J.: 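Dropping the structure in here first, questions after.
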Amino acid sequence: MMHAPLSRSFYKQDLHVLATRLLGCLIIRILDDGRQLSARIVEVEAYAQKDDPSAHSFNGQTPRNKVMFGAPGHLYVYFTYGMHFCCNVVAGEIGQGDAVLIRAVEPVDGIEDMLVHRYGEVTSDKKKISNVTNGPAKLCKALKINRSENGIDLCENKIWIEAGDKLAENMIGHSTRIGINHGKDLPWRYFIKDNSWVSKSGKGITYVG
DNA sequence: CGTGAGATTTCCT
DNA sequence: GGAAATCTCACGT
């Protein structure tokens, strides 16, 4: 089985450089039974410890956000709204507290498993298929990422990220972030333009460029 | 298609 | 005690 994870140094890059370079990359997930799922990252958001009041790390380290302050290249999974998990890639240096939220992915391999995780069964319903991974909590459910995946090292072999096709600069869109109440003006959401798996739930977001 | 409410638990003030 | 980096369903146009 292929295992070509991006290295630790990739994750040490500047938050925003890392966020845009994650677009187009493949996230690979090995399930407990050994089956492999893969999906292309099409939408992300950057969260910075410094000057970003919407980042979980903004007010300093707590038990919940401690993974954000650890080594880069680890997965920070948080639980929210009483029922959802979302996952982030820890960026920068140890102690920096920056992370990239993965907001949407495009299924590549194992879409039937993803459908089962999301809906309890394989379906041919077009609407359900198009909604299987186009949101941060949706993709976590599809890839079976939850509390026990918090803190996983992406440089090991349970969940990792591989380089994808290189994207031209003009294929990347920018906007303000979705679903936050502070830092609304920061254009820190990045996505692949014209990709149908990008989430469309954003209200009141502002596009740049 | 757009808007709005409810779900349901964890974390931090 | 209140807010939360969300999702789904119901209802109105």
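Letters A, B, ... are given to chains in the order of the sequence lines, protein chains preceding strands, and every chain is numbered from 1. Please read these numbers as outputs of a predicted model, since none were measured by experiment.
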J.: Using the P atom as the reference point in each nucleotide, state the distance between B:dT3 and C:dA5 in Å, no decimals.
T.: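 Approximately 22 Å lies between the P atom of B:dT3 and that of C:dA5.
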J.: Between B:dG2 atom P and A:Ile205 atom CD1, what is the distance in whole Å?
T.: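 Rounding to the nearest Å, CD1 of A:Ile205 and P of B:dG2 are 13 Å apart.
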J.: Nearest to the side chain of A:Arg103 - B:dA7, B:dT9, C:dA5?
T.: C:dA5
J.: Start at the 5' end of DNA chain C and walk down; is the nucleotide closest to A:Lys138 or to A:Asn88 reached first?
T.: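 It is A:Asn88, whose closest nucleotide lies nearer the 5' terminus.
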J.: Could you report the tightest heavy-atom contact between A:Leu6 and A:Cys155, atom names first, then the distance?
T.: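 Shortest heavy-atom separation between A:Leu6 and A:Cys155 comes out as O-SG, 3.9 Å.
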J.: Atom NZ of A:Lys127 to atom C1' of C:dA10: distance rounded to whole Å?
T.: 13 Å
J.: For C:dA4, does OP1 or OP2 lie under 4.0 Å from any side-chain N or O of A:Asn181?
T.: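 Yes, such a contact exists.
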J.: Treat a base pair as Watson-Crick or G-U wobble with both distances under 3.5 Å, then lay out DNA chain C in dot-bracket form, 5' to 3', with | for cross-strand pairs.
T.: ||||.|||||||.
J.: Taking only side-chain nitrogens and oxygens of A:Arg118, does any of them come within less than 4.0 Å of OP1 or OP2 of C:dC7?
T.: no
J.: When the distance from CZ of A:Arg64 to P of B:dT13 is rounded to whole Å, what number comes out?
T.: 11 Å
J.: What is the separation between atom OH on A:Tyr190 and atom C1' on C:dA5, rounded to the nearest whole Å?
T.: 15 Å
J.: Testing the basics here: between A:Pro107 and A:Thr133, what is the closest heavy-atom pair and its distance to 0.1 Å?
T.: CD-OG1, 3.4 Å
J.: At under 4.0 Å between heavy atoms, what does A:Arg177 touch on the DNA or RNA strands: base, sugar-phosphate, or nothing?
T.: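 The residue A:Arg177 makes no contact with any strand.
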J.: Heavy atoms only: give me the nearest A:Glu45-A:Ile178 pair and the separation to one decimal.
T.: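 Looking at all heavy atoms of both residues, the shortest contact is OE2-N, 2.9 Å.
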J.: Contact class for A:Arg189 vs. all strands (heavy atom < 4.0 Å): base, sugar-phosphate, or nothing?
T.: nothing
J.: Measure from the ring centre of A:Tyr81 to the centre of the six-membered ring in the base of B:dA7, then say whether that distance is under 5.5 Å and the planes meet at under 30°.
T.: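 Here the ring of A:Tyr81 and the base of B:dA7 are not stacked, as the 5.5 Å and 30° limits are not both satisfied.
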J.: Starting at NZ of A:Lys200 and ending at P of B:dT3, how long is that distance when rounded to a whole Å?
T.: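 Atom NZ in A:Lys200 sits about 17 Å away from atom P in B:dT3.
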J.: Looking for any heavy atom pair under 4.0 Å, which part of the strands does A:Ile180 touch: base, sugar-phosphate only, or nothing?
T.: sugar-phosphate
J.: Is there a continuous path of hydrophobic side-chain contacts, each under 4.5 Å between heavy atoms, that joins A:Val44 to A:Ile205?
T.: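 Linked within one cluster.
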J.: Taking a hydrophobic cluster as the set of Ile, Leu, Val, Met, Phe, Trp and Tyr residues connected by side-chain heavy atoms closer than 4.5 Å, whether directly or through intermediates, do A:Val122 and A:Leu139 fall within one such cluster?
T.: yes
J.: Output yes when at least one side-chain N/O atom of A:His56 is less than 4.0 Å from OP1 or OP2 of C:dA5, else no.
T.: yes
J.: Aromatic rings A:Tyr207 and A:Phe191: how do their planes relate, parallel, tilted or perpendicular, breaks at 30° and 60°?
T.: perpendicular
J.: Ignoring backbone atoms, test whether A:Lys141 places a side-chain nitrogen or oxygen under 4.0 Å from the OP1 or OP2 oxygen of C:dC7.
T.: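 No, no such contact exists.
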J.: Among B:dC12, C:dA5, C:dC7, which nucleotide has an atom closest to any side-chain atom of A:His84?
T.: C:dC7
J.: Heavy atoms from C-beta onward define the side chain here; which of B:dC12, B:dT10, C:dT6 lies closest to that of A:Cys86?
T.: C:dT6
J.: In whole Å, I'd like the distance from the CD1 atom of A:Ile102 to the P atom of C:dT6.
T.: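 From A:Ile102 CD1 to C:dT6 P: 15 Å.
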J.: Going only through I, L, V, M, F, W and Y residues with side-chain contacts under 4.5 Å, is there a path from A:Val67 to A:Leu22?
T.: no
J.: In whole angstroms, how far is the P atom of B:dC12 from the NZ atom of A:Lys66?
T.: 13 Å
J.: Rounded off to whole Å, could you give me the CG-to-C1' distance for the A:Asn131 and C:dT8 pair?
T.: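 Those two atoms, CG and C1', are 10 Å apart.
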J.: Among B:dC11, C:dA5, C:dT6, which nucleotide sits nearest the side chain of A:Thr62?
T.: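 It is B:dC11.
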J.: Take A:Arg21 and A:Asp14, measure what salt bridge (charged side-chain N to carboxylate O under 4.0 Å, His left out) needs, and give me the verdict at the end.
T.: CA-CA 10 Å; A:Arg21 290 198 180 156; A:Asp14 168 81; over 6 Å; no
